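What you see is a predicted model, and the numbers here were worked out from it, not measured in a lab.
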Amino acid sequence: MKGKLVTTIILLIVTFIALLVFIGLYIDETRRVQSTYRKQYKTELRHVSGEIEGYMNTEGGYDTRYSMLIGYMSSAASYAFLIDGFEDKQKIINEVNTCLIKYPEQMQEKLPELKDAVDHILDELDKGYEEAAEIVESIDKKGN
């Protein structure tokens with residue numbers, strides 16, 4: 001009887017240690033995945049900034065460049081959705097993406113401002129998100 005109790009206690013201790021190791025590995029993997037999402041988010045925003053610059057400096061291919069800009073912004077919005085604790089910033093990025101899709105004529109005029117906002121976001125300045133929100137608010141949602 002005493003031997004069974006000792007064996008049970010040892011098994012419980014081993015199981016508890018295994019559980020702690022599993023929890024630690026899970027937390028580590030979650031941090032690593034979140035880090036990957038953040039890197040990809042920034043990569044997509046770099047592409048957005050580059051496409052805006054290319055759009056403003058080119059003398060042709062506007063439709064193609066604008067479509068690529070929308071694609072990169074959509075991808076950035078998707079990664080923003082996956083980042084934990086990013087809800088407010090995610091909403092702004094989604095709104096910018098929606099405006100790019102729904103109101104291309106108005107957004108084409110706002111591209112220099114959007115590039116500044118994206119560059120500020122890439123520099124990890126909160127004012128970038130504020131600038132992006134101002135761009136969204138300045139769009140006439142009843143227009144085209």
Side-chain angles (χ1 to χ4, degrees), residues 5-144:
L5 183 61
V6 170
T7 304
T8 304
I9 291 173
I10 290 173
L11 283 174
L12 283 173
I13 291 171
V14 170
T15 304
F16 182 70
I17 291 171
L19 180 63
L20 290 177
V21 168
F22 176 76
I23 291 171
L25 290 172
Y26 176 79
I27 290 170
D28 182 56
E29 183 66 16
T30 301
R31 285 184 188 150
R32 192 178 64 75
V33 168
Q34 286 295 310
S35 174
T36 302
Y37 291 156
R38 288 181 186 280
K39 286 178 188 173
Q40 282 301 119
Y41 171 71
K42 287 197 171 204
T43 298
E44 296 304 324
L45 287 181
R46 274 190 223 95
H47 291 308
V48 167
S49 180
E51 279 304 316
I52 292 172
E53 188 172 329
Y55 183 92
M56 293 186 308
N57 294 335
T58 192
E59 293 185 7
Y62 291 112
D63 292 338
T64 302
R65 287 204 175 270
Y66 195 80
S67 294
M68 290 175 67
L69 172 64
I70 291 172
Y72 288 131
M73 185 57 85
S74 295
S75 185
S78 295
Y79 281 111
F81 177 75
L82 296 171
I83 298 172
D84 291 337
F86 211 65
E87 288 78 19
D88 294 339
K89 295 173 182 175
Q90 172 198 355
K91 181 180 175 195
I92 294 168
I93 295 297
N94 283 334
E95 288 175 346
V96 169
N97 186 43
T98 300
C99 287
L100 284 168
I101 294 169
K102 285 185 161 186
Y103 312 106
E105 293 84 11
Q106 293 181 55
M107 285 302 289
Q108 288 171 359
E109 298 169 6
K110 307 278 185 186
L111 288 180
E113 297 168 30
L114 182 59
K115 180 173 179 3
D116 290 340
V118 169
D119 289 342
H120 289 146
I121 291 170
L122 286 169
D123 292 336
E124 298 185 11
L125 302 173
D126 285 337
K127 76 177 184 176
Y129 291 102
E130 294 167 6
E131 292 168 348
E134 289 173 8
I135 292 168
V136 170
E137 290 173 13
S138 72
I139 298 297
D140 178 17
K141 309 290 190 297
K142 294 179 183 176
N144 50 6

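Rounded to the nearest 0.5 angstrom, Lys39 NZ and Thr36 OG1 are separated by 6.0 Å. Here the CD-OG distance, from Glu113 to Ser138, works out to 6.5 Å after rounding to the nearest 0.5 Å. Considering CE of Met107 and CG of Leu114, their distance stands at 5.0 Å, rounded to 0.5 Å. Atom CE of Met68 sits about 9.0 Å away from atom NE2 of His47, to the nearest 0.5 Å. Summarising the geometry, atom CD1 belonging to Ile139 is positioned 8.5 Å from atom OH belonging to Tyr103; distances are rounded to the nearest 0.5 Å. Taking CD of Gln40 as the reference point, atom OH of Tyr79 lies at 4.0 Å (rounded to 0.5 Å).
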Residues 21-31, side-chain donor-acceptor partners within the protein, below 3.5 Å, at least two apart:
unit_1: Glu29; atom_1: OE1; unit_2: Arg32; atom_2: NE; d: 3.2
unit_1: Glu29; atom_1: OE1; unit_2: Arg32; atom_2: NH2; d: 3.2
unit_1: Glu29; atom_1: OE2; unit_2: Arg32; atom_2: NH2; d: 2.5
unit_1: Thr30; atom_1: OG1; unit_2: Tyr26; atom_2: O; d: 2.9

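In this view, Tyr129 satisfies the ring pair (Phe, Tyr, Trp, His ring centres under 6.0 Å) rule with no residue, not counting sequence neighbours. For Glu87, there are no salt bridge (Lys or Arg N to Asp or Glu O under 4.0 Å) partners two or more places apart in sequence or in a different chain. Taking Lys42 as the reference, Glu124 meet the salt bridge (Lys or Arg N to Asp or Glu O under 4.0 Å) condition, with sequence neighbours excluded. Take Asp119 and apply the salt bridge (Lys or Arg N to Asp or Glu O under 4.0 Å) test, not counting sequence neighbours, and it matches Lys115.
Judged purely by atom type and a 3.5 angstrom limit, Gln90 has no side-chain atom pairing as donor or acceptor with the backbone of Gly85. Remark: the backbone N or O of Gly71 is not paired with any side-chain donor or acceptor of Ser75 at under 3.5 angstrom. Formation of a donor-acceptor pair under 3.5 Å by the Ser49 side chain with backbone atoms of Leu45 is not found in this model.
Applying the salt bridge (Lys or Arg N to Asp or Glu O under 4.0 Å) definition to pairs two or more places apart or across chains, those involving residues 125-138 are Lys89-Asp126.
Counted within 6.0 Å of OH on Tyr62, heavy atoms from surrounding residues, nucleotides or ligands total more than 12; the atom is thus considered enclosed. Within 6.0 Å of CG on Asn57 lie more than 12 heavy atoms contributed by other residues, nucleotides or ligands. In this structure, Asp123 places its CG atom where more than 12 heavy-atom neighbours from other residues, nucleotides or ligands lie under 6.0 Å away.
Ring centroids of Tyr41 and Phe86 are separated by less than 6.0 Å, placing the two rings close together.
When all heavy atoms of Ala76 and Ile93 are compared, the pair lying nearest together is C-CG2, 4.3 Å. For the residue pair Ile52 and Leu111, the shortest heavy atom distance occurs at CG2-O, 3.4 Å. Residues Tyr66 and Gln108 share a closest heavy-atom pair of CE1-CG, 3.8 Å. Contact record, Ile135 with Lys110: CG2-CB, 4.1 Å, taken as the closest heavy-atom pair. Here the closest heavy-atom approach between residue Gln34 and residue Ile83 is recorded as OE1-CA, 3.3 Å. Among all heavy-atom pairs drawn from Asp84 and Arg38, the shortest one is O-NH2, 3.7 Å.
Under the 4.5 Å side-chain criterion, counting only non-hydrogen atoms from C-beta, Gln106 is not in contact with Cys99.
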Inset, instruction - Check step by step if side chain to side chain contact (heavy atoms under 4.5 Å, CB included) holds for Thr43 and Arg46. - result: CA-CA 5 Å; Thr43 298; Arg46 274 190 223 95; 3.6 Å; yes

